[in-house]
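A short worksheet on the structure shown next.
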Amino acid sequence: MRLLGLAARRLAASLPALLLILIGLFLLLQLAPGDTVDALMAQMGGGDERIATELRVFYGLDLSVPARLGQYLLRLVQLDLGYSAIYGKPVATVILERLPATLLLMTASLSFAFAFGAVLGVVAARRVNRWPDTLISTLGLIFYATPSFWFGLMAIVVFSVHLQWLPAGGFGDVALGLTGFAAVLDIAKHLVLPTLTLALIYLAISLRIMRAAMLEVLTLDFVRTARAKGLTETRVVARHVLRNALLPMITLIGLQVGTMLGGSVVVESVFTLPGLGRLAYESVVQRDLNTLLGIAFVSALLVIAANFIVDMLYARLDPRISSGG
Amino acid sequence: MQFLRAYARNPAALIGAALVLAVLAMGLLAPLLYPGDPLSLAGRPLQWPGANPRFPLGTDPSGRDIAAQLFHGARVSLLIGFSATAIAVVIGIGIGALAGFYGGIVDTLLMRVTEAFQTLPNFLLLLVLVAVFGSDIKTVTIAIGIVAWPPVARLTRAEFLSLRTRDFVQACRLQGLSDAHLILREVLPNALPPVIVYASVVMAIAILLESALAFLQLSDPNVSSWGNLIGLGRNVLRAEWYVSAIPGIAILLTILGVSLVGQGLNDALNPRLAGR
Amino acid sequence: MSLLEIRELSVALPAGADRALALDQVSLALDPGEILCVVGESGSGKSVTASAIIGLLAPGLAVVSGQIMLAGEALVGQSPEAWRALRGRRIAMVFQEPMTALNPLMTVGAQIAEMWRAHTDLNSRDITAHSLAALTEVALPDPEGALRAYPHELSGGQRQRVMIAMALALEPEVLICDEPTTALDVTTQAQVLALIRALQQRRGTAVLFITHDFGVVAEIADRVAVMQQGVVVEQGPAATVLSHPTHPYTKALLAAVPALIAPPPRELAAGSVLTLRGVTKTYGSPGMFRRRKAVKALDAVDLTLRQGATLGVVGESGSGKSTLARCVVGLLPVDAGDILIAGEPLPHGRCAAAGLVQMVFQDPFASLNPRRRVGDQVAQGPMALGTSAAQAMAEARALFGLVGLEPDAVARFPHEFSGGQRQRIGIARALAMKPRVLVADEPVSALDVSVQAQVLELLRGLQARLGLSMLFITHDLRVAAQICDDIAVMQNGVVVETGPIGEVFAAPRHAYTRSLLDAVPGRALFAA
Amino acid sequence: MNGPTRREALLLAASAIAAPGFTAMPAFAQETPKRGGVMTVHFATEQRILNPSLQASTGVYIVGGKIQEPLVDLDSAGNPSPVLAESWESSADGKTITFRLRQGVTWHDGKPFTSADVQFTAMEMWKKILNYSTALQQFLTAVDTPDAHTAVFRYERPMPLGLLLRALPDLGYVSPKHIYEGTDIRANPANTAPIGTGPFKFVQYERGQFIIAERNPTYWRPNLPYLDRIVWRVVTDRSAAAAQMEAGQILFSPYSSLTIADSQRLGRDPRFEVTTRGNEGNARTNTLEFNFRRTELADVRVRRAIAHAINIPFFIENFLGDFAKPGTGPIPSVSTDYYPGADVPQYGFDKAAANRLLDEAGFRRGAGGLRFTLRLTPAPWGEDIALFSTYIQQSLSEVGIRIEIVRLDAAGFLRTVYREHDFDLATGWHQYRSDPAVSTTVWYRSGSPVGAPWTNQFGWQNDAADKLMDDAATEVDPVKRRALYADFVRLVQTELPVWMPIEQLFLSTFNKKLKNTGNNPRWASSSWHDTWLDS
């Protein structure tokens with residue numbers, strides 16, 4: 001019950017931002033040159049004016065902007081995301097089709113970045129200013145500075161073109177008609193490069209944060225207390241430093257879910273993954289307003305959900321939060 | 001002076017400064033070394049680096065000299081980086097300062113707007129802005145500035161929140177000084193160092209965002225940006241991968257330089273944390 | 001042979017520090033069952049001594065010569081593993097800050113249990129039993145509850161008891177206490193000191209007690225070592241050193257300790273300049289989503305500051321005295337009641353209020369803008385009220401002279417000044433506005449005792465010369481005794497007793513006032 | 001970028017008839033077809049729907065053309081061949097056309113195929129919704145169904161049988177009435193899960209990933225098809241598609257969907273065949289469109305100067321490779337019936353002439369050698385368009401015209417150029433569809449409604465040209481008609497309202513394991529019932 005209340009509170013607090021986003025995007029896209037029917041005409045390869053006019057009526061584009069905005073919001077209140085002009089399906093269906101790839105990619109990248117970032121950060125902090133630290137920190141900086149799409153392209157050149165170890169793109173080899181474990185393995189193989197590509201910058205960030213947090217925590221009084229107790233350094237780090245140093249890392253996750261979706265636009269484009277990021281890009285190009293707004297809505301929900309999970313984690317890790325709230 | 005000395009003690013920061021200066025020099029030397037339009041047809045397309053002594057870095061799919069584009073691209077990347085950062089920092093500081101200094105309803109309103117911007121993935125917003133307002137270099141720069149300000153605002157706000165109740169600010173209140181004085185003379189100078197350090201992050205992000213846009217062929221095609229070159233190279237990636245690889249390394253080194261400078265600034269500004 | 005012997009120990013500071021050695025040929029000896037107080041001002045090297053003994057010197061510090069012997073065993077040069085086995089088991093330590101010395105994410109029980117886990121093979125049940133016993137011994141009210149509690153659920157005094165229980169868990173031969181009571185309120189400090197003394201006597205532990213406070217020394221020490229700039233300048237039995245110091249530094253330090261007896265009352269003109277009537281302030285109004293417990297920081301406070309007098313407001317942390325100061329200067333709005341300066345409520349306009357009341361802040365490092373010249377910071381107030389820049393700067397220079405600084409120092413930046421000097425600048429800044437009332441919020445608490453004396457002297461002198469009316473907030477009854485004409489004792493937002501300071505100190509009427517006075521350390525020694 | 005072939009849309013198969021360039025169809029060594037196997041196909045341009053009776057574009061045919069069937073298709077010689085219609089005849093006045101339908105054909109859901117399906121599709125889809133067909137069928141008044149296997153089309157005005165038969169392979173796909181009747185046709189779920197009579201049955205469509213169709217065991221052609229299954233893999237990234245071709249994950253990539261570099265590379269690889277074979281019906285020209293609202297461009301000397309300034313043979317040789325050739329006008333050389341030959345005004349590369357013409361027009365070089373600046377809006381489809389726009393920019397800067405490329409997405413391009421006319425130069429493709437009257441003269445005829453894409457929105461009007469176009473459209477004598485179009489080409493090549501300097505056919509890339517490929521002029525769109533896979 002308390003959990004539910006907390007979730008509801010988070011949601012309520014995010015509503016104004018969500019509304020701002022939806023209305024802002026709606027109005028912004030009205031200024032774009034061309035509408036979804038123009039995009040459709042281009043896709044169809046032409047057609048006469050009558051078809052265009054009929055399509056505009058069919059998609060409700062003949063109504064005034066405030067009327068359409070009002071309609072959209074009204075439908076949204078009933079949790080109806082509307083109908084996608086370009087895909088010819090309800091937006092909810094279109095998004096649900098694309099969600100798994102993105103979620104999988106984001107979860108994999110985030111876990112990878114978080115886990116390896118934490119480990120590398122700890123190693124660097126334990127050997128601060130010695131060669132392992134220098135090496136890890138330099139790597140972190142280089143990872144941070146690498147444009148993800150470029151890394152993806154180069155990874156394709158190396159691992160797909162020359163070594164031919166991993167597929168260059170896609171989300172699974174449908175032609176093979178795999179099922180069960182083989183299919184999972186196949187998807188995993190397809191996700192290796194995209195995951196690495198997307199995770200790269202987050203790996204750099206989380207290793208940096210982890211290292212800094214470790215160093216920060218290492219200077220705190222209770223660590224000195226722990227040492228004064230005669231604990232081994234390993235135990236000091238494992239029992240006292242690590243958990244405290246994880247707190248900023250967890251905050252980081254919440255902050256990065258939003259940007260990660262943006263990053264997946266590029267990565268999904270490089271690896272031709274059927275995900276939400278590419279859908280977003282396509283819906284912008286195709287002026288598919290309903291789909292774009294739907295994605296904004298879903299991504300906002302994702303961010304809210306991620307922050308909620310972060311809150312939960314934080315409360316579990318930090319007793320001060322749970323008793324204070 | 002003391003700051004400079006602290007900065008110069010840090011070898012990584014010096015490497016960073018050297019990288020940034022090198023890119024700057026590339027940009028400044030571009031018109032001397034490669035006079036004329038870097039986008040003009042220079043020779044047969046897709047000549048490998050070294051294959052033709054005239055083109056040490058080869059030619060791209062449109063028959064343009066990659067070296068010339070690389071040098072001219074340095075100007076574009078830095079220009080976009082600096083301008084977009086300036087825009088983001090000005091917006092961010094403005095909003096963050098007002099929200100942090102006044103708190104209450106002002107803070108709530110401004111932070112809701114900031115949240116909205118942060119909830120929407122910034123690259124997505126950038127795509128929309130470019131689709132709506134076109135992709136010439138000015139629009140792209142402004143659009144990047146518009147999507148990059150929220151973290152600056154949050155940082156500034158946090159600094160202002162902690163500084164506005166500091167004793168020296170309170171003392172100034174008691175001296176009868178105006179809010180404008182408090183914000184501009186007392187709080188802002190003390191809030192700036194972390195913001196300046198963060199500006200290097202914004203700049204790195206700005207350069208990355210522009211190159212990602214260019215990679216998707218959504219940036220200004222009339223300037224020789226590194227991202228454009230990577231995007232062009234994508235079509236010939238399998239055989240002529242150098243077209244993408246070369247500008248990618250340039251971006252990497254530039255951002256590396258900017259990050260190192262940022263880190264050096266941070267260490268020099270917060271000596272307590274030096275060596276972290 | 002002593003239990004713990006420090007022989008000519010020298011510890012180097014990192015290059016670029018203000019001196020080469022943190023410790024210079026320090027020799028100390030500690031016998032079983034003895035409490036040795038190492039006393040000195042900040043920077044004297046007393047904490048470095050403690051760290052060196054336990055083998056946890058801060059990064060950058062290194063022993064360059066000398067030896068530490070524990071029961072005949074040389075410690076300097078031991079392997080890290082040998083040091084580790086020693087720590088907690090044979091030498092234990094209690095730190096200054098109870099708020100940060102415990103891991104916030106672990107229960108108290110788990111943190112105490114680590115002592116046995118690290119050094120013994122006991123099973124969990126035995127460890128729990130031992131932990132409980134340890135907490136019981138330090139007289140925590142609910143030891144079983146405390147085991148399960150997280151540090152933030154305990155008060156500062158309770159945490160310090162946990163720290164002591166933890167330090168003594170394995171019955172170490174040597175206990176090092178690094179300013180263990182400095183962060184505590186005076187009554188809690190008295191209790192903790194008593195506890196340490198009692199435990200030490202019961203177990204015969206040797207205690208090395210680091211402090212800056214001669215009052216505490218007088219309460220607890222068997223022997224005293226006085227340190228200055230990394231050198232032990234004097235050591236000997238407590239009674240001897242305290243009553244017959246030989247080294248001039250020791251003498252100066254002792255002389256700077258303020259007496260608790262108030263000077264005879266001064267002649268003052270009639271009439272009051274500041275009146276508080278029923279002032280009430282509540283923190284933590286319920287928000288939309290987050291319900292906080294409302295705390296009454298001020299509860300119907302009535303006070304009067306006489307013209308030209310100093311009204312001291314004393315109390316422990318949380319008593320509301322700082323809130324009171326901020327309400328009086330208008331930095332915090334009050335919920336109810338009136339604050340009248342010269343019979344009028346404080347005007348809303350910042351400029352109009354500026355000439356009526358000014359404030360001197362506690363922390364000399366936080367109260368000046370580090371990025372602006374100090375002269376500008378003093379002169380900007382009058383300039384905001386319309387004084388020309390040249391005249392304001394001239395006044396600032398004059399004020400600098402008045403507060404005992406070089407007039408030319410106006411062009412310098414805050415970091416070029418020491419804490420005491422900054423506090424002088426803060427006073428100059430307040431005086432520049434020529435206020436009717438000066439509110440001083442713990443103006444000397446952050447200063448070393450010798451500097452403290454100088455600043456108090458300055459304030460007294462200024463008051464005499466300028467006829468200042470001062471509201472003086474402090475937690476230190478000794479300081480209050482030095483400067484106040486009247487005194488108000490606050491507890492939990494309520495003024496429990498007011499009156500001329502001599503009367504209140506001589507014959508406290510309220511039980512709380514009595515307990516405060518009783519808890520002042522070294523009272524017996526420094527009474528005269 | 002989004003699909004290069006988004007708009008490389010229409011393959012009005014009729015073009016094949018008028019374009020006998022393909023007649024030298026290579027004779028295949030007769031191998032014994034093998035049964036079975038999965039054919040994987042590159043699907044670069046995902047469409048809103050898959051039903052070819054509702055949308056005429058290559059992206060629909062490439063999938064829907066295997067599942068649904070037209071009344072008529074083209075044989076290997078490019079002649080109409082019966083599919084769902086077994087025979088046809090026209091009344092003497094041309095107002096009644098009767099189709100005898102094939103018997104014993106069933107829909108994939110088991111229901112029989114009847115004339116009611118043809119009637120419903122023609123009246124509700126071809127006449128009302130299907131693009132290009134709405135114009136073709138605008139005078140269709142009714143389809144009578146005297147029996148279950150006869151459909152009689154009745155027209156208000158005469159409909160030449162030849163024209164209809166040319167159009168029907170693309171615009172004559174039949175949809176099942178029992179699925180669509182009484183529903184909102186545009187939103188019918190069968191639009192993305194089509195039900196047809198074709199050799200393959202729709203199985204699954206995962207948007208953004210793949211489409212699967214499997215062998216129809218009850219297909220009316222006995223023992224066909226050979227393939228077990230077709231999988232279309234959605235690969236929008238062209239380089240990735242080439243990689244998948246090389247890895248054998250894709251066996252066929254249609255409609256120039258690979259990058260030029262990859263096409264050339266795969267063409268040298270013995271495992272693959274890169275060819276225009278099977279795309280003979282599908283010629284296009286690159287365009288350079290001038291906006292006459294710009295005073296500079298309204299001057300014919302400036303337009304000619306621009307054409308003179310661009311070295312087309314160099315561009316083709318260095319950027320496009322072997323599969324393109326210089327164009328000579330709006331009617332491409334594959335259209336032998338109407339191609340007037342190269343004997344019309346041409347604008348070869350001649351920088352001096354360009355400079356002279358510009359000087360004569362009064363646009364002398366100013367500061368920095370600059371005459372004036374123009375905005376060039378390239379269509380966002382096709383790598384060659386992007387390359388061409390860059391090349392135009394490079395070339396024109398040599399004669400003192402600065403080009404600013406304005407990059408727009410598809411919707412923005414159509415809106416900006418054809419509705420808002422907010423451009424100076426535009427470049428894209430003109431698709432030639434069998435007869436100049438279908439989709440070529442609209443580029444020149446004045447009076448086109450504002451907003452109609454790929455029509456004369458340039459502000460050019462020439463009464464002589466309008467008259468030539470109108471006369472030719474109604475001229476029944478082929479010889480006279482050919483002469484009229486020759487005059488037309490001569491005139492527009494003189495006036496140059498749109499310059500069409502490059503002629504191309506689409507490329508198909510096959511894995512050579514695939515057999516019986518490219519054996520008709522609209523092969524990628526056709527049903528693949530006889531295609532087989534050599535293991």
Side-chain angles (χ1 to χ4, degrees), chain A residues 13-14 16-21 24-25 28-33 125 128-129 134 137-138 141-142 144-151 153-154 156-157 160-161 168 201 211-212 215-216 255 257-266 269-270 277 280-281 284-285 287 292 295-296 299-300 303-304, chain B residues 12 16 108-109 111-134 147 151 201 204-205 207-209 211-212 215-216 218 226-227 230-231 233-234 237-239 241 244-245 247-249 251-260 263 273 275-276:
Chain A
S14 315
L18 191 55
L19 208 63
L20 263 174
I21 292 174
L25 275 183
L28 199 57
L29 227 62
Q30 302 306 319
L31 301 174
V128 66
N129 291 339
T134 312
S137 299
T138 312
L141 277 170
I142 290 176
Y144 183 80
T146 309
S148 63
F149 55 90
W150 181 77
F151 178 84
L153 290 180
M154 293 300 120
I156 290 176
V157 169
S160 303
V161 177
I201 192 164
R211 179 176 175 274
L215 290 176
E216 177 79 36
L255 284 176
V257 166
T259 61
M260 210 164 209
L261 198 63
S264 66
V265 174
V266 177
S269 165
V270 171
Y281 169 66
V284 172
V285 172
R287 307 286 187 275
L292 183 66
I295 293 168
S299 80
V303 172
I304 293 167
Chain B
T108 309
L109 281 179
M111 280 303 109
R112 287 284 177 262
V113 175
T114 313
E115 254 168 49
F117 271 83
Q118 284 201 303
T119 306
L120 193 66
N122 59 4
F123 193 70
L124 191 54
L125 180 58
L126 189 59
L127 286 180
V128 174
L129 286 174
V130 170
V132 170
F133 296 110
V147 304
V201 176
I205 291 174
I207 295 176
L208 280 176
L209 282 177
S211 62
F215 169 71
L216 292 175
L218 292 173
W226 292 339
I230 297 182
R234 191 181 177 187
L237 184 67
R238 318 200 78 77
W241 49 266
S244 290
I249 290 169
I251 293 178
L252 197 160
L253 290 178
T254 307
I255 293 173
L256 189 63
V258 170
S259 308
L260 285 173
Q263 228 174 44
L273 301 174
R276 295 262 174 101

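Chain A is the first sequence line, chain B the second, and so forth, proteins listed ahead of strands; every chain is numbered from 1. The figures that follow rest on heavy atoms only: side chains count, while hydrogens, waters and symmetry mates do not.
- Both the backbone and the side chain of B:V113 come within contact range of chain A, with heavy atoms under 4.5 Å apart.
- Using a 4.5 Å cut-off between heavy atoms, A:I304 makes no contact with chain B at all.
- Proximity to chain A (any heavy atom under 4.5 Å) is shown, for B:V201, by both the backbone and the side chain.
- With respect to A:P147, the side chain to side chain contact (heavy atoms under 4.5 Å, CB included) criterion is satisfied by exactly one of B:L208, B:I207, B:L209: B:L208.
- B:T119 and A:S299 get closest at one heavy-atom pair: O-OG, 4.1 Å.
- One finds the CD1 atom of A:I142 at 12.5 Å from the CD1 atom of B:I255 (value rounded to the nearest 0.5 Å).
- Between atom OH of residue A:Y144 and atom CG of residue B:L260 there is a gap of 11.5 Å, rounded to the nearest 0.5 Å.
- Ranked by heavy-atom pairs under 4.5 Å with chain A, the first of B:A212, B:A245, B:A131 is B:A245.
- Considering only heavy atoms from C-beta on, A:V265 stays 4.5 Å or farther from B:P121 through its side chain.
- Ranked by non-hydrogen atom pairs under 4.5 Å with chain B, the options A:A296, A:A125, A:P33 are led by A:P33.
- Proximity of A:I21 to B:L125: side-chain heavy atoms (C-beta onward) are nowhere separated by under 4.5 Å.
- Nearest heavy atoms, B:V128 versus A:V284: CG2-CG2, 3.8 Å.
- Between B:I249 and A:W150, the closest side-chain pair of non-hydrogen atoms falls below 4.5 Å.
- Per-residue counts of heavy-atom pairs under 4.5 Å with chain B were compared for A:I295, A:L31, A:T134; the largest is that of A:L31.
- Between chain B and the residues A:V303, A:L141, A:L292, the largest count of heavy-atom pairs under 4.5 Å involves A:L141.
- Of the inter-residue distances, the one linking A:I201 atom CD1 with B:I205 atom CD1 reads 7.0 Å to the nearest 0.5 angstrom.
- The CZ atom of B:R234 sits 7.5 Å away from the CD1 atom of A:I156 when rounded to the nearest 0.5 Å.
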Inset, instruction - Report the C-alpha separation of B:F215 and A:V270 in whole Å, then their side-chain angles, then the decisive distance to 0.1 Å, and conclude whether the side-chain contact (heavy atoms from CB on, under 4.5 Å) test is met. - result: CA-CA 10 Å; B:F215 169 71; A:V270 171; 3.5 Å; yes
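- Between A:L28 and B:F133 the shortest side-chain heavy-atom distance falls below 4.5 Å.
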